[in-house]
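In listed order, ligands and their atoms are each counted from 1. Any value given below was found using the heavy atoms of this structure, including those in side chains, with hydrogens, waters and symmetry copies removed.
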Amino acid sequence: MSIVSYQLIGNIGVIQLNNPPVNALSKALRQGVQHAIKTAQSDSSQALVLICEGRTFIAGADISEFGQPPLEPSLRDMLNSIETSSKPVVAAIHGTALGGGFETALACHYRCALASAKIGLPEVKLGLLPGAGGTQRVPRLTGVEAALNLITSGRPIAAARAEALGLIDRLVEGDLLEAALTYARQLVSEAAPLRRVRNIEIDAASIPAGLFENYRKKLARRARGQIAPMHIVDCVEAAVNLPMGQGLKLERERFMQCMQSTQSCAMRHLFFAERQAARVDGIEKNTPTRPIGSVGIIGGGTMGGGIAMNFANAGIPVTLLEINQQALERGLTLVEKNYAITVSKGKLSAAQKEQCLSLIQGTTDYADLAETDLVIEAVFEDLGIKKQVFKKLDEVCKAGAILATNTSYQDVNLIAAATQRPADVIGLHFFSPANVMRLMEVVRADKTSDEVIATTMKMAKTIKKVAVLSRVCYGFIGNRMLRHYAREAQLCLIEGSSPQQIDTVMQDWGMAMGPLAVGDLAGLDISYNARKALSVEQKGDPRTYCIPDALVEMGRLGQKSGAGYYNYDPQTRARSNDEAVMQLVRDKAAEHGIERREIPDEEIVNRLIFALINEGAKLLEEGIAQRASDIDVVYASGYGFPVARGGPMHYANTVGLEKIYSTLCRYYEQTDKDYWRPAALLEELATTGKQF
Ligand code: 3H9
C-alpha cells in the first residue's frame, strides 16, 4: 500500500495515511497529502476525511529529517493546501496526534477523535517549538493561558480534555472511519462552514495584564537556561498582537533559531539515544522473552515500595515481602501514602489509586513467591544478606522465574553464584524515588541469559522506564561515574570554594541540583555508612571525604536533621549558609596542609564534568556501557544532567574532545593523580579528530 491513498466513499473523499511506525510527516507523505487534496478539489466529494492506518495518527514531523536541507513541499505548504481546501476537511484522530501531526489536525476545518486518543505539542522536549502554526492556532482555540501550558510543557493531553479546551470538536466511539464518515456527512448536510482557525481573532483586552511577563518568570525557574520555552511565549504573544501571517512568520524564524541551536541538537540526540538504549548488541530482536504477569518484591522500604508502585501502575500484581508483620504494614502504609500524594496532585483518580493498591499484596512468607514470574530484591546494601535472600529464592521460586537484585554497588556475579540458576539472575537498578525516576540500569552478570536480558529490557517499557544495559563493576555506569564528580566537588570545597559557590555554579550550568545540596537531600549518613564498609585504600584520598564525615559526626545528616552542608528551615526547607560549616572546611584544609585559594566558576564546572567524561570513556573502553549515547541517557534520566546539553558524552563532543583531552592532561600533570590520566579511548579519539 502506498504511503497516502485517496478514495471516494459516497460523497466523502477519504485521505488515508500509512507510514509506519508512527506516520511521521516524511517528504513522501507531505507530497501525497498535497496531491490528494488537489485531486479532491475537482471530484464529486463534498467533504474530506484525513485518517491514519496503524497504531497512531501522525506523531509529528520526521525527526530524522531535521538538520538536513529542507525538502519540498514543506509541512507549511501541506497545511496551507488543507486549510485553503474548498471542501471541509475532517481530521480523524486515534493514538497520539503530536507536534506537526496535531498541527496538521489544526489546519483541518473540523477534528474528531476516539476517547483513547491523545494530542500534544511535544516540540519543547526536543528543544523546539511547534513550527507549523501550533503557536498561532492553539491560542485561537483555547485562549492564551491553556495554550502556554500545553505548548511549554510539551505534555500530551487526553482527547476529553482537548475537547473541553476546544481543540477537538467531537469525541467518537467504535470504528473511527465509520464515525468520521458519519460526522463528515452531517457537516455536509448542515452545510457547515469552512472553519479556518486562522480567522479566529483573540480579544487582546481579555488577557490579564502581566500574564506574559509572569509566565516568562515562571519558565525562567522551571526550564532554567532553555531557549525554546521563551520563544514559545513570544510566539503565543504574537498570536494575540499580530495578524496570522506575521505570527506565522515569527514562529518560523524562532523555529529555525531553535532548530540550529546546540540545545535542540542535544535534545534530539537524547530522543534517539533513549530508543537506541533499548537495543542490546549481540542479542537478536526476535530473542524469545518470558511473560511477566506477576512480580515479587523483597523489602518494603522506600525503594521496595516505589518499585512495587511501578508494576501496580502497569496493572501487574505485586507481592511485597517483609521480614515481619510490623515491617510489612509500615511498607504498605508508605505505598498508600505515596499514592495519596499522587491523587492530591491530581495525577491519579481516587478510583485508580484503589485499583493500584488492590494489586499490591503483602506477605512475610517466601512460599508466597513460588509462582511469581519476576522477583526483585530490594533489601539492605549488604552482600551477605543479599546472598541469603537469593539462596532462599532459589529454593522457593519456580523454574524460569527471573531473580533480580536492585543493588546499586554489589557484585551481581557473586549474588548470582548464591543460586543454582545464575542464568536467571540479573541486576535491575532503580533510582530513588523509584515511582518517579525514569531510569533503570539493567545489569547483566557474566552468566545472565540473553532471554532474561531481552525480557527485562522489554519489561522496562511496560513500566515506563528507560532501560540502559550495564555490565558488572562497582557502581555500574551511573554511580561509578558519580564518584568522580563527587570527588571533584569535595576537592573544590576543601581547596577554596564554598558549598554555596559549588552548588550555584553547577545549578546555573544546568544540573537539577548542586552536588552538595544533593548530598543533604539524600542524607550524608548514607555514604558515610557505605564508606565504613570500605578499606582505607578503597576509600581513597581522605581530602575527598573528611568534610562530610565530620558533618555526620557533628549530627549534621542533611535535610532530615535540619542541617548538613546548609541549615534548613524546619517549615519551608529553605536553605541558608552556616558559618560553622565554613569554619569546618577551613579547619580541614589546614589539617591537610592545603592553602585555600579562590576557585573560578569555570574551573569548578570543568573539573566536575570532565571527571564524569573521563570515567565515561573508561566505561566504554572496558565494555561496561554499550555505547556513549547510553551513558548520556543514564545521566539525563537518572542524575539531573541538563537535557539541553545532551548528557556528558554528547557534551564532550560539543566542547571538542581535543580540548577535553588537553585539559585532562593538564590536570594529570598538576596533580599526578591516576584518576586524571586520560582514558585511552579519549586519547585515541581526540588525537584522530573523532568523536564519541
Ligand atoms: C515536530 O513535529 C515539529 C513540527 O512542529 C514542525 C515542523 C516544521 N520522527 O517511541 P517509539 C520512531 S517535532 C521520526 O519507540 P512508542 C522512533 O525513533 C516532532 N521517527 O514508540 C522509533 O524508531 P525505532 C514532534 C520517529 O509507541 C519508532 O518510531 N513529535 C518519530 O513508544 C517507534 O517509536 C514528537 O516529538 C518522529 N517524529 O511511542 C513525537 N516518532 O523503532 C515523538 C517516533 O527505529 N514520538 N519515531 O527506534 C513519540 O513521542 C513516540 O514515538 C510516540 C510512540 C508516542 C509517537
Q) Going by the salt bridge (charged side-chain N to carboxylate O under 4.0 Å, His left out) test, which pairs reach into residues 245-255, not counting sequence neighbours? A) R76-E251, D234-R254, K249-E253
Q) Which pairs with one or both residues in residues 426-443 pass salt bridge (charged side-chain N to carboxylate O under 4.0 Å, His left out), sequence neighbours excluded? A) E274-R438
Q. Applying the side chain to side chain contact (heavy atoms under 4.5 Å, CB included) test to H35, which of V33, I37, T39 qualifies?
A. T39
Q. Are E103 and R137 close enough for a salt bridge, meaning some N to O gap below 4.0 Å?
A. no
Q.
Give me each pair satisfying ring-ring contact (aromatic ring centres under 6.0 Å, His included) with a member in residues 230-272, each pair once, sequence neighbours excluded.
A. H269-H650
Below 3.5 Å only, please: the N or O atoms of ligand 1 paired with protein N or O atoms, distance on each line.
from, atom 1, to, atom 2, distance (Å)
ligand 1, 2 (O), A61, N, 2.9
ligand 1, 2 (O), G100, N, 2.7
ligand 1, 5 (O), E103, OE1, 2.7
ligand 1, 5 (O), E123, OE2, 2.5
ligand 1, 5 (O), G131, N, 3.1
ligand 1, 9 (N), A61, O, 3.4
ligand 1, 9 (N), I63, N, 2.9
ligand 1, 10 (O), R275, NE, 2.8
ligand 1, 10 (O), R275, NH2, 3.0
ligand 1, 15 (O), K461, NZ, 3.1
ligand 1, 21 (O), R55, NH2, 2.8
ligand 1, 27 (O), R55, NH2, 2.8
ligand 1, 30 (N), A59, O, 2.9
ligand 1, 32 (O), K461, NZ, 2.9
ligand 1, 38 (N), A61, O, 2.8
ligand 1, 45 (O), R279, NH2, 3.2
ligand 1, 48 (O), R279, NH2, 2.8

Q: Look at atom CZ of R222 and say whether more than 12 heavy atoms of other residues, nucleotides or ligands are closer to it than 6.0 Å.
A: yes
